[in-house]
Amino acid sequence: MRGSPTTSVLRDGSVPGQGPRLDVTAVLQAQRRLAGCTDPGALAEQLVDEVRQAGCTRALLLEPVARSRHREMEVLAARGEVVLLPGRRTTAADLARATPSAVLELLPGDPGAPRLAVWGAPAPDHAPPELLAAAAGAAWRALRAARDAERATAELAGVQKLLSGAVRLAGLGSWSWDPATGRLTLDDRLRAVLGMGPDDPDPDLATWRERVHPDDRGPFAGAQDPAARVGAPVPYPFRVTAADGTERTLLGASVPLGTGGAGGAGVVQGLVLDLAAGDRSTGELVRLAQCDSLTGLANRAVLDVRLGEALAGATPTSAVALVLLDLDRFKLVNDTLGHQIGDALLCQIAARLQQTAPAGSTLARLGGDEFVLMVPGVDRPDAAATMARNILRRLRAPVLLPGLPEPFVCTSSAGVAVGHDGTADDLFRSADMALYRAKDAGRDRVAVYDAAMREDAQARREAEHKVRRALRTDGLRVVWQPIVDLRDERLVAAEALVRLQDPVEGLLEPKAFVDTAEDTGLIVDVDTWVLGEVLRQLRQWRQDGEGLQVSFNVSGKTLEHPSFAHRLAHSVESTGAAGSSLLCEVTERTLIDLSSSTRASLGELRSVGARVGLDDFGTGYSSLSYLDRFPLSFLKIDMSFVRPLGTSERAAAVVRALIALAHAHGMVVTAEGVETREQATLLREMGCDRAQGWLFGRPVAAGLLHPGR
Ligand code: C2E
Ligand code: MG
Ligand code: MG
């Protein structure tokens with residue numbers, strides 16, 4: 001029976017255990033004793049014991065390679081019971097070739113399982129060694145399974161401990177999903193993020209999916225499981241509604257933990273990072289959180305921290321300088337050359353700033369074209385101003401931008417404030433005021449904050465308050481100034497000029513509030529209100545049979561808002577007001593900063609017949625190239641050119657040239673600020689078409705204009 005699974009060879013050739021009588025009770029008891037062994041060593045001894053008690057002369061438990069029993073083998077060999085082959089380790093095969101009556105495999109077919117070598121035959125009524133070996137094999141298998149399970153459990157516990165430690169360190173929440181039970185389990189942190197109490201039950205899959213924003217359900221919308229797509233644990237951002245109804249943005253990743261039972265998919269573990277809560281645990285997120293993504297400079301959050309630290313350690317002789325830097329007309333770069341070139345310019349500016357920033361300073365980009373340099377350890381404001389001027393000089397050097405054939409020159413403005421005992425907010429405000437001053441004074445310069453700026457800022461705050469109140473309480477007025485045809489001085493048009501009726505200070509002129517309204521964006525509301533008055537008055541005059549044109553001023557800011565032009569076009573169309581009677585005055589600044597939205601607004605005005613013209617022509621800008629940017633119907637020569645007429649030959653020459661230029665462009669020319677008869681006569685002789693000024697009338701209420709004059 002050499003081929004039998006449990007039995008090998010008996011020296012006498014008989015099958016062990018086939019004795020006439022078998023004590024079944026004894027066999028069962030032996031099996032029970034073997035099964036009761038709690039470790040392999042004890043099992044081996046028990047087995048050897050049982051076999052000997054069964055009447056065999058000797059039994060030996062052999063491991064796959066009989067090394068641990070080598071010593072015992074040598075003893076046997078000395079007694080002549082075993083023949084050891086010289087120079088080699090004794091194996092089970094060696095033993096079989098030697099003297100045992102049988103070599104029994106405890107687990108037939110399992111090369112890792114021990115064998116039992118038996119000498120001599122059992123007593124006839126005792127349990128045969130192969131039965132005992134089989135019982136020991138079963139016990140041995142159970143012990144091995146228990147040991148493996150124990151080892152796996154310990155290993156898993158270790159991994160889980162490691163994992164949960166890492167998860168906790170990283171500030172992550174986690175969930176796990178078991179496809180066998182369909183159960184979704186959330187950990188405490190994720191529960192906290194979702195605002196769930198400790199006693200709230202875990203959501204089921206359907207509820208979970210419902211909580212996730214419909215656009216973000218992709219990763220949870222597998223055939224039947226939330227993480228059917230866990231093959232590649234690529235993090236996916238998703239929004240989920242917390243218990244209090246607020247929306248949280250989480251970054252999730254899912255990993256399968258192994259294959260589950262019943263042939264199904266394994267348990268899936270998901271990790272979740274709460275982005276909204278400011279968890280920034282991975283290097284990339286930290287970088288994202290601290291850096292401006294375009295330029296790599298520090299962002300506002302980092303600057304705030306460093307500025308706070310610097311101020312805490314500042315003294316009068318070691319103060320903190322804050323330099324706010326803003327590129328001049330950057331918006332125009334974006335609008336005309338495109339955002340890609342705009343971004344490239346910002347990156348180059350950032351690189352130059354990094355080269356010029358002194359050691360120990362912090363350089364940040366707040367967004368758009370706004371940069372900040374914070375320098376601790378500054379002793380005097382003028383030292384900071386000199387530094388800022390040097391920086392501006394470096395920034396002014398031409399840059400080569402991808403796709404532009406010519407080097408590009410961009411100037412910047414800077415506001416500087418130096419402080420040691422105020423708050424970070426104070427310092428920011430002061431630097432901001434200085435920057436405003438630098439821009440206002442014509443850009444491309446540095447301004448240092450001083451006390452007068454604070455007063456100025458105060459005045460602007462008051463002006464803002466007045467404008468807001470006037471808009472709320474119907475406190476705006478329109479006055480009309482006559483515009484005459486210079487050939488016969490007939491009234492042909494009137495310009496609407498805004499006034500503010502202040503409860504304390506009375507009627508205020510635009511210089512008291514228009515600049516502030518521009519800065520704060522309130523001008524859009526002011527212009528819109530004036531437009532309503534203009535259209536109302538135009539209808540009135542038409543009803544009265546007056547063929548007057550009406551001129552009105554529109555800020556560039558207003559034209560940026562498409563609603564203004566829409567409203568005008570709609571009113572003209574719906575009320576049948578003659579669009580061709582409208583003269584829209586824009587400034588040189590508007591044309592220089594011409595953005596696509598402004599162009600669209602101007603186009604819409606023209607499409608209903610309104611004429612667009614240039615106000616205050618000749619002030620400020622030396623280049624006239626912008627005249628070609630948009631088709632203009634008229635041009636108003638600024639009063640600064642008109643005033644010296646009659647006293648300055650040069651002024652006359654300039655005005656003559658301006659009129660010729662305007663006519664060459666097919667524009668009607670109006671002279672502003674005509675106060676004397678002499679000025680009017682000269683202008684008429686020069687071919688100027690129209691005039692406006694105190695000679696012909698001051699701005700007055702509509703009813704006081706004298707049409708037909
Ligand atoms: P502007 O559009 O150039 O208006 C002409 C300004 O010159 C008016 O000042 C007018 O009163 C003044 N003026 C006219 N003739 C003479 C003169 O012979 N001598 C002198 N010394 N001044 C004369 P005003 O009304 O103070 O308006 C100032 C500026 O405010 C306007 O200049 C315009 O730029 C702005 N503005 C007025 N109304 C509005 C408005 O509704 N919206 C906007 N965005 N700006 C407005
Ligand atoms: Mg005007
Ligand atoms: Mg003007």
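Both ligands and their constituent atoms are indexed starting at 1 by order of listing. Positions are given from 1, in the same order as the sequence printed here.
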Under 3.5 Å donor-acceptor, Gln679 side chain and Thr676 backbone = yes
Any Ser551 side-chain heavy atom under 4.5 Å of Ile483 side chain = yes
Would you mind telling me which of Arg487, Arg684, His663 makes a side-chain hydrogen bond (donor to acceptor under 3.5 Å, both in side chains) with Asp689?
-> His663
Arg300 side chain near Glu370 side chain, heavy-atom distance below 4.5 Å | no
Check the angle between the aromatic planes of Phe552 and Phe564 and answer parallel, tilted or perpendicular using the 30° and 60° thresholds.
-> tilted
Pairwise, report which nitrogen or oxygen atoms of ligand 1 are under 3.5 angstrom from protein nitrogen or oxygen atoms, and how far apart they are.
unit_1: ligand 1; atom_1: 2 (O); unit_2: Glu495; atom_2: OE2; d: 2.9
unit_1: ligand 1; atom_1: 2 (O); unit_2: Asn553; atom_2: OD1; d: 2.8
unit_1: ligand 1; atom_1: 2 (O); unit_2: Asp615; atom_2: OD2; d: 2.8
unit_1: ligand 1; atom_1: 3 (O); unit_2: Asp616; atom_2: OD1; d: 3.0
unit_1: ligand 1; atom_1: 3 (O); unit_2: Glu672; atom_2: OE2; d: 3.0
unit_1: ligand 1; atom_1: 15 (N); unit_2: Gln481; atom_2: NE2; d: 2.9
unit_1: ligand 1; atom_1: 18 (O); unit_2: Trp694; atom_2: N; d: 2.9
unit_1: ligand 1; atom_1: 19 (N); unit_2: Glu675; atom_2: OE2; d: 2.6
unit_1: ligand 1; atom_1: 21 (N); unit_2: Glu675; atom_2: OE2; d: 3.3
unit_1: ligand 1; atom_1: 25 (O); unit_2: Arg499; atom_2: NH1; d: 2.9
unit_1: ligand 1; atom_1: 25 (O); unit_2: Arg499; atom_2: NH2; d: 3.0
unit_1: ligand 1; atom_1: 38 (N); unit_2: Val498; atom_2: N; d: 3.1
unit_1: ligand 1; atom_1: 42 (N); unit_2: Asp527; atom_2: OD1; d: 2.7
unit_1: ligand 1; atom_1: 42 (N); unit_2: Asn553; atom_2: O; d: 3.4
unit_1: ligand 1; atom_1: 44 (N); unit_2: Asp527; atom_2: OD1; d: 3.0

Could you tell me whether the side chain of Phe634 reaches within less than 4.5 Å of the side chain of Val669, counting heavy atoms only?
-> no
Evaluation steps, side-chain hydrogen bond (donor to acceptor under 3.5 Å, both in side chains), between Asp525 and Thr528 | CA-CA 5 Å; Asp525 294 336; Thr528 305; 5.2 Å; no
Closest to the Mg ion (ligand 2), which N/O/S atom of Glu495 is it?
-> OE2
Count of protein N, O or S atoms below 2.8 Å from the Mg ion (ligand 3) equals 4
Matching residue for Gln481 among Arg698, Gln692, Glu495 - test: side-chain hydrogen bond (donor to acceptor under 3.5 Å, both in side chains) = Gln692
Nearest-0.5 Å distance that lies between atom NZ in Lys636 and atom CG in Leu658 = 15.5 Å
Crowded around His570 NE2? As in, over 12 foreign heavy atoms under 6.0 Å?
-> no
